[in-house]
Participant: 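Below is a structure I'd like to ask you about.
The chain is numbered in sequence order, starting from 1. Note that ligands are numbered from 1 as they come in the structure, with each ligand's atoms numbered from 1 the same way.
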Amino acid sequence: MLGSLRSIVQEVNAARDLPAVLEIIVRRVREVMHTRVCSVYLRDKQSGNYVLMATRGLNQDAVGQVHLAPGEGLVGNVVTREEPINLEQAEAHPAYQYFPATGEERFSAFLGTPIIHHRTVLGVLVVQQAEKRRFDEGEEAFLVTLSAQLAGVIAHAEATGALATIGQQRREAKFSGIAASPGVAIGRVHIVAPQANLATVPYSCCIDVDAELELFHQALASARTEIRDAGERLKGELNREERALFDAYISMLDDNSLAVEVCDRIRQQVSAPRAWAEVMLEHVRRFEAMSDSYFRDRAADVRDLGARVLMHLRQQQQSRRDYSENTILIGEELTAAVLAEVPREKLIGAVSVKGSANSHVAIIARAMGLPAVMGVQDLPYETIDGAEIVVDGYRGELHVHPGPELKRRYDSIVAEERELARNLDHLAGLPAETADGHRVRLWVNTGLMADVVRSLERGAEGVGLYRTEVPFLLRDRFPSEEEQREIYREQLQAFAPRPVTMRTLDIGGDKALAYFPIEETNPFLGWRGIRVTLDHPEIFLAQVRAMMKASVGLDNLRIMLPMISGLGELEAARKLVERAYRELVEEGYDIAMPPLGIMIEVPSAVYQVRELAEHADFISVGSNDLTQYLLAVDRNNSRVASIYHALHPAVLHALQEIVRVGHAANTKVGICGELAGDPGGALLLLAMGYDVLSMNATNLPRVKATLRAVRKADTEKLLQQVLGQQYPEEIEQTVRAYLKRIGLKALLQPAGQ
Ligand code: PEP
Ligand code: MG
């Protein structure tokens with residue numbers, strides 16, 4: 001059964017569109033399960049009814065004619081119960097409904113399973129038999145497994161179908177994801193080259209056949225050169241068999257019949273990547289079906305060769321493209337380095353199919369003031385290159401091919417945003433002080449050079465977190481000590497005499513350096529942050545030396561250690577920092593030993609705050625990671641994004657405990673996670689007594705306006721109220737209602753949102 005399951009899913013994945021997907025399902029399932037009937041019903045978004053969309057075994061005329069509301073008939077009952085219904089004699093069931101158009105009276109046994117995607121019943125998969133018999137457990141389990149696997153494919157195909165053009169008219173289509181960075185952008189899609197996987201190249205047409213043929217021939221030529229060069233380079237190291245493999249690759253690429261097959265499809269207006277993928281997958285299948293194991297093993301080689309050429313096709317496509325004036329970058333998994341490739345003045349929005357609001361790329365987008373939506377899992381992004389699109393970073397929505405009415409609405413939101421930003425401008429010179437005279441230090445998180453100017457314009461009083469990994473991420477090798485010194489000097493100088501907190505290299509998790517790959521099955525629990533740098537003292541020492549050298553004559557450097565999970569790591573790091581300091585002094589540098597602080601972002605550190613605070617000069621909570629580790633929710637995974645709550649009661653209690661114990665040890669306590677930049681979160685942190693709130697420059701004016709509008713004494717009451725609440729949603733609701741009551745709702749989102 002597993003083999004059948006895999007082959008059905010594979011075939012479905014390669015289908016052109018939704019009708020083709022459904023056709024494959026009904027044909028293959030009927031065949032594999034030896035049933036008389038297999039049908040698929042899908043939910044019609046407008047009416048909410050379930051419509052017979054494809055069948056083998058029922059009258060074809062019934063397709064599109066049979067509609068069932070949830071709860072109506074057996075299919076409707078599968079929908080409301082959200083579980084399979086398995087009946088020996090369907091017509092004896094009280095919910096049974098007879099539809100003459102289907103010719104259904106001939107069938108007795110019925111098994112229907114729901115197709116569920118993101119908790120929504122997309123449809124129902126049904127098999128039927130003429131005789132009276134109950135489908136056995138194995139059959140039921142097979143259909144349930146298949147439905148679960150098909151749900152994502154059907155959702156994707158539906159989404160692609162929603163974008164299909166009706167004649168010349170482009171259809172407006174909406175997609176939902178996670179709101180990752182506020183703001184609205186209206187621009188043109190620029191797709192970041194996706195991975196070279198033959199099985200996931202979606203069907204797309206080409207308009208200019210000649211250009212597409214040329215693209216294909218160029219990609220083929222580049223792949224040929226690449227393989228030949230690699231073969232030459234490795235000549236001495238390869239045995240005869242391995243050399244033969246290179247020759248086989250070259251001769252496959254030289255084989256004219258392969259190119260002819262692909263060109264034929266391109267002439268039928270199939271895009272070059274898709275035409276190539278279709279042809280290569282057919283060859284892969286042919287090899288896989290061979291009885292001789294030698295030839296079966298060659299299937300992997302053909303797949304590999306196919307992926308290589310596909311990669312060249314993608315690169316050729318990319319190199320032909322310029323960025324438009326209003327680029328909206330869309331990719332399977334955007335990274336900070338990819339964002340940095342687009343000239344800043346042309347980039348106006350970002351969308352990622354994977355990832356979540358707390359992924360690092362989302363944090364960078366917020367720092368850049370770039371509207372962003374993450375985790376748009378069903379977006380058939382490869383089909384919308386160049387399309388016009390609206391990114392709604394408030395609601396986490398995208399509108400592809402927006403019509404005039406929608407564009408007008410969003411244009412007015414953009415205008416309102418500008419107005420709001422202008423209204424906040426005057427705050428830059430005013431103190432961050434509550435209405436009852438309590439001062440809070442509002443600092444900024446930086447990483448990019450562009451942050452510096454924005455931060456100073458907005459009245460930042462210091463840097464609470466300089467993410468040193470950002471300049472590391474934007475290079476193709478480790479920056480040297482001198483290069484680092486220059487980068488750090490710019491930061492320290494720009495903010496002097498204000499303090500600048502530089503965090504030592506925090507890589508691992510979702511922050512990967514292309515030149516220092518860390519491959520792990522569980523990266524967030526793996527080799528991350530301080531763990532990497534303590535294992536590589538040469539990297540750590542070069543970095544802290546560069547920081548200290550950069551601080552000569554400025555004296556505004558603070559060094560901070562990420563991901564501390566116990567006292568031993570702090571002690572080991574302190575030894576290295578002190579050693580670097582001593583050596584620099586011996587070398588003649590006139591510098592002061594900078595304060596050394598730690599981030600509290602691992603649960604173990606919460607329970608050791610007292611000991612850690614006694615040994616550190618300051619502490620700062622990394623609430624992004626602390627939330628992820630306390631709730632065991634991967635901050636980068638959109639599937640679990642709905643249970644990642646920075647205002648979860650457990651997180652709030654931990655935050656309060658950290659500041660209480662930190663203060664008892666006479667240590668200043670700050671926070672530099674995203675919660676500090678959220679107006680509601682900032683109120684609770686103020687009430688808890690946090691000394692420093694550090695956030696991105698974009699949010700700083702909003703938070704300052706919020707703090708200036710409240711009395712600390714009132715926020716303490718709010719804190720007591722929410723600390724008594726049990727559910728994150730309830731807490732979020734209470735905080736939102738409070739902001740609304742004091743007239744601050746307009747600060748959070750433009751009206752009409
Ligand atoms: C955090 O974890 O809250 C933090 C500030 O660090 P980063 O987001 O860079 O992991
Ligand atoms: Mg962190």
Participant: Give the residue and atom name of whichever protein heavy atom lies nearest to atom 5 (C) of ligand 1, and the separation in Å to one decimal.
Facilitator: Cys672 O, 3.4 Å
Participant: Which atoms from ligand 1 have a heavy atom of Met599 less than 4.0 Å away?
Facilitator: 4 (C), 5 (C), 6 (O)
Participant: Within the side chain of Arg344, is there an N or O that forms a donor-acceptor pair under 3.5 Å with the backbone of Leu347?
Facilitator: yes
Participant: Counting only N and O atoms by type, is there a donor-acceptor contact under 3.5 Å from the side chain of Ser638 to the main-chain atoms of Ser356?
Facilitator: no
Participant: Counting backbone and side-chain atoms alike, does Glu601 have an N/O/S atom under 2.8 Å from the Mg ion (ligand 2)?
Facilitator: yes
Participant: Of all the N, O or S atoms in Asp625, which has the shortest distance to the Mg ion (ligand 2)?
Facilitator: OD2
Participant: Should the ring pair His536 and Phe516 be called parallel, tilted or perpendicular, given that the plane angle runs from 0 to 90° and is split at 30 and 60?
Facilitator: perpendicular
Participant: Once you restrict to heavy atoms under 4.0 Å, what part of Ile363 touches ligand 1? Side chain, backbone, both or neither.
Facilitator: side chain
Participant: Given Glu674, Arg635, Lys511, which one has a non-hydrogen atom that is nearest to atom 8 (O) of ligand 1?
Facilitator: Arg635
Participant: So which protein heavy atom does atom 7 (P) of ligand 1 come closest to, and at what separation?
Facilitator: His360 NE2, 3.3 Å
Participant: Given that the side chain starts at C-beta and the backbone is N, CA, C, O, which of these parts of Leu465 lies under 4.0 Å from ligand 1, counting heavy atoms, or is it both or neither?
Facilitator: side chain
Participant: Looking only at protein heavy atoms, which one is nearest to atom 6 (O) of ligand 1, and how far off is it?
Facilitator: Arg503 NH1, 3.0 Å
Participant: Give the numbers and elements of all ligand 1 atoms closer than 4.0 Å to a heavy atom of Gly622.
Facilitator: 1 (C), 2 (O), 3 (O)
Participant: Evaluate side chain to side chain contact (heavy atoms under 4.5 Å, CB included) for Ser455 paired with Thr446, printing each intermediate quantity in order.
Facilitator: CA-CA 8 Å; Ser455 305; Thr446 60; 4.1 Å; yes
Participant: Would a distance-only check, ignoring hydrogens and angles, find a side-chain to backbone donor-acceptor pair under 3.5 Å from Asn556 to Arg498?
Facilitator: yes
Participant: State, yes or no, whether a side-chain contact exists between Ser551 and Tyr488 at a heavy-atom distance under 4.5 Å.
Facilitator: no
Participant: Is the NZ or CZ atom of Arg635 positioned over Tyr644's six-membered ring, under 6.0 angstrom from the centre and within 45° of the axis?
Facilitator: no
